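All of these numbers come straight from a predicted model, not from anything done at the bench. A, B, ... follow the sequence lines: proteins, then strands. Residue 1 opens every chain.
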Amino acid sequence: MEHTAEVTPIRRRPSAPQAPGPATGTGLERAPAEPLGDLLACVARGDDAAFAELYDTVAGVVLGLARRVLRDPAQAEEVAQEVLLEVWRTASRFDPTRGSARAWILTMTHRRAVDRVRSAQASSDRDLAVGIKEQHRDYDVVEEAVASRLEVEQVRHALGTLTGLQREAVQLAFYGGYTHREVAELLGVPLGTVKTRLRDGLIRLRDTMGVTA
Amino acid sequence: MTAHEEAEVHALTGAYVLDAVSDEERAAFEAHLDECGLCSDEAATLRETAARLGGAEAMAPPPGMREAVLTAAARTRQVPPLLPTQQGPASATVTDLAARRARRARRTSVVLGLAAAVLAVVTVALGAQNAALRSDRAQLKAAGAPAGDLAAVSRVLMAPDARTIAGRTSGDGHGAVVYSTTMDSAVFVGEDLPMPPSGRTYQLWLLSPSGTATSAGVFRPDERGYVVTPVKGSLVGHALVGLTVEPAGGSPAPTTTPVLAVPLRA
């Protein structure tokens, strides 16, 4: 295991205003407790310094996820830059009652990386069989990783609790960027089974990692 | 949409949050999310889960990237926030959640209107109070329900603030939840519910706004598909009552697509 570096700590600016409190009434709101959500609220108001701080907090994760899906370092960097700029541009559209800022940013990252994979795939066929082998190997080997050891270990442990089929399906879809139809083809199982495995696999990961939304 | 197609749609939450769907499937599922609070809440928790997978991939960005991004930002105009009354533009992306929420709220009110109509029927059924209660008691007794369940059901049905919210299952059958906030308890009433296959049972769930499900008991309907059973547990902190089909004895967490979801706050 090479994961020795820690995640860059969040540097709070003492003057950072608080994010607006949640609206009340429906009982469905969550308190915007995460520092990243506060930062994003500042970014939405055009605060350059807040954006620089946000960059330092999430750029590594955005790039790492893009790299994991795309594999090509140059393309990954391009996608990461696009995503970070999109975060700046659309920060006002982030809604803390609907999920964490981190998930918002990483959802955007994954979507864009996958879009890139699919548009590239239209012109050049990927070797699907190689994809499968790599999935098996990759969940042990992460180059240049700076994710915290705890985070990596939690994910490894959680993936380890899945059944073989759940794990393969989730990894092919998430890290491989394959559609559920492609995953079904790769694994030689019916489409309905893949849909179910993706869902119950994620549910198990959620419960194992204690994700509360 | 047939019940089968409907069940298929619900099952797509996993593939959806993993971006393992085509653009057409995504559009169809997002329309579904507008209408289905259960899927929408589940998608939110699964999206956080996927983010955790992604978060473990962090790597050091190359030196020039920071400058490039900050410079580009300095030259890029930001989009204004969506106002509560604004419609989502046709180009709405997944990030335009405010618009989606507004649409969902509108549709929910339509659904609640329909629910109220169904509720009227159920209320009439329950409204012949004595007869209905006797029949409920008979049903509970026939099902071997503990005396505690009987008492719990009676107390809720007769609570001054008892409210009934009806829902239609994704297959055959109807269900309604009668609940009393002051009693902090609820009763599930179902009719025409299909008998679960052997080795399977219905299981009730209390769902928190974040999508966490807590088992609220298992049941099998009688031969006519009828059931009256307490929703076990406190309603505090929960937003929905859900119903799924699970292996006999129940599951620690839902493993199948809910056939019914009833909001506790109208």
- Message: Does this structure show an ion pair linking A/Arg181 with B/Glu25, if we count only N-O contacts that are shorter than 4.0 Å?
- Response: yes
- Message: Quick check against the 3.5 Å criterion: does A/Tyr55 have a side-chain atom that pairs as donor or acceptor with the backbone of B/Arg66?
- Response: yes
- Task: For residues B/Arg47 and A/Trp104, determine if any side-chain heavy atom of one lies less than 4.5 Å from a side-chain heavy atom of the other.
- Result: no
- Side-chain donor/acceptor of A/His180 to backbone N/O of B/Ala15, under 3.5 Å: no
- Note on the structure: Greatest number of non-hydrogen atom pairs under 4.5 angstrom with chain A, of B/Ala74, B/Ser22, B/Pro62, falls to B/Pro62
- Please check if any side-chain donor atom of A/Arg89 sits under 3.5 Å from a side-chain acceptor atom of B/Thr76, or the reverse. no
- Task: To the nearest 0.5 angstrom, please state how far the CD atom of B/Gln78 sits from the CZ atom of A/Phe51.
- Result: 9.0 Å
- Message: On a heavy-atom basis, which atom in B/Pro61 and which in A/Leu63 lie closest, and how many Å separate them?
- Response: CA-CD2, 3.5 Å
- Can you see which heavy atom on A/Val61 is nearest to which on B/Ala58, and at what distance? CG2-CB, 3.8 Å
- Under 4.5 Å heavy-atom distance to chain A, tell me which part of B/Ala253 shows up: side chain, backbone, both or neither. side chain
- Message: For a quick test of reading the model, state the closest non-hydrogen atom pair linking B/Ala51 to A/Ala103 and the distance between them.
- Response: CB-CA, 3.7 Å
- For A/Leu106, is it the side chain, the backbone, both or neither that has a heavy atom under 4.5 Å from a heavy atom of chain B? side chain
- Please tell me if the side chains of A/Gln171 and B/Leu53 come closer than 4.5 Å, counting only heavy atoms from C-beta onward. no
- Query: Considering only heavy atoms from C-beta outward, does the side chain of A/Arg98 approach that of B/Ser40 to under 4.5 Å?
  - Reply: yes
- Message: With a 4.5 Å cut-off on side-chain heavy atoms, are B/Leu46 and A/Ile203 touching?
- Response: yes
- Task: Could you tell me the separation between the CG atom of B/Asp19 and the CG atom of A/Asp115, rounded to the nearest 0.5 Å?
- Result: 7.5 Å
- Message: Just so I know, are the side chains of A/Arg111 and B/Arg26 near enough to count as touching, which here means a heavy-atom distance under 4.5 Å?
- Response: yes
- Task: Report yes if the side chains of B/Pro80 and A/Arg93 come closer than 4.5 Å at any heavy-atom pair, otherwise no.
- Result: yes
- Query: Measuring from B/Leu18:CG to A/Tyr178:OH, what's the distance to the nearest 0.5 Å?
  - Reply: 14.5 Å
- Item | Which portion of A/Val43 sits near chain B, non-hydrogen atoms under 4.5 angstrom | both
- Item | Which portion of A/Ala173 sits near chain B, non-hydrogen atoms under 4.5 angstrom | both
- Message: Under 4.5 Å from any heavy atom of chain A, what part of B/Thr256 do you find: side chain, backbone, both or neither?
- Response: backbone
- Item | Lys/Arg N to Asp/Glu carboxylate O, A/Arg199 vs B/Glu42, below 4.0 Å | yes
- Query: Any side-chain heavy-atom pair from B/Val79 and A/Ser92 closer than 4.5 angstrom?
  - Reply: yes
- Point-to-point distance, once rounded to the nearest 0.5 Å, from CZ of A/Arg67 to CE of B/Met59: 4.0 Å
- Are B/Glu48 and A/Ser100 linked by a side-chain donor-acceptor pair shorter than 3.5 Å? yes
- Task: Indicate yes or no: at least one non-hydrogen side-chain atom of B/Leu12 is less than 4.5 angstrom from one of A/Leu198.
- Result: no
- How many angstroms lie between atom CG of A/Asp207 and atom OG1 of B/Thr49, to the nearest 0.5 angstrom? 8.0 Å
- Atom OG1 in B/Thr71, atom CD in A/Gln81: separation rounded to 0.5 Å? 10.0 Å
- Based on non-hydrogen pairs under 4.5 Å, which of B/Gly54, B/Pro254, B/Ala20 is most in contact with chain A? B/Ala20
- Residue part contacting chain B, namely of A/Gln154, when any heavy atom lies under 4.5 Å: side chain
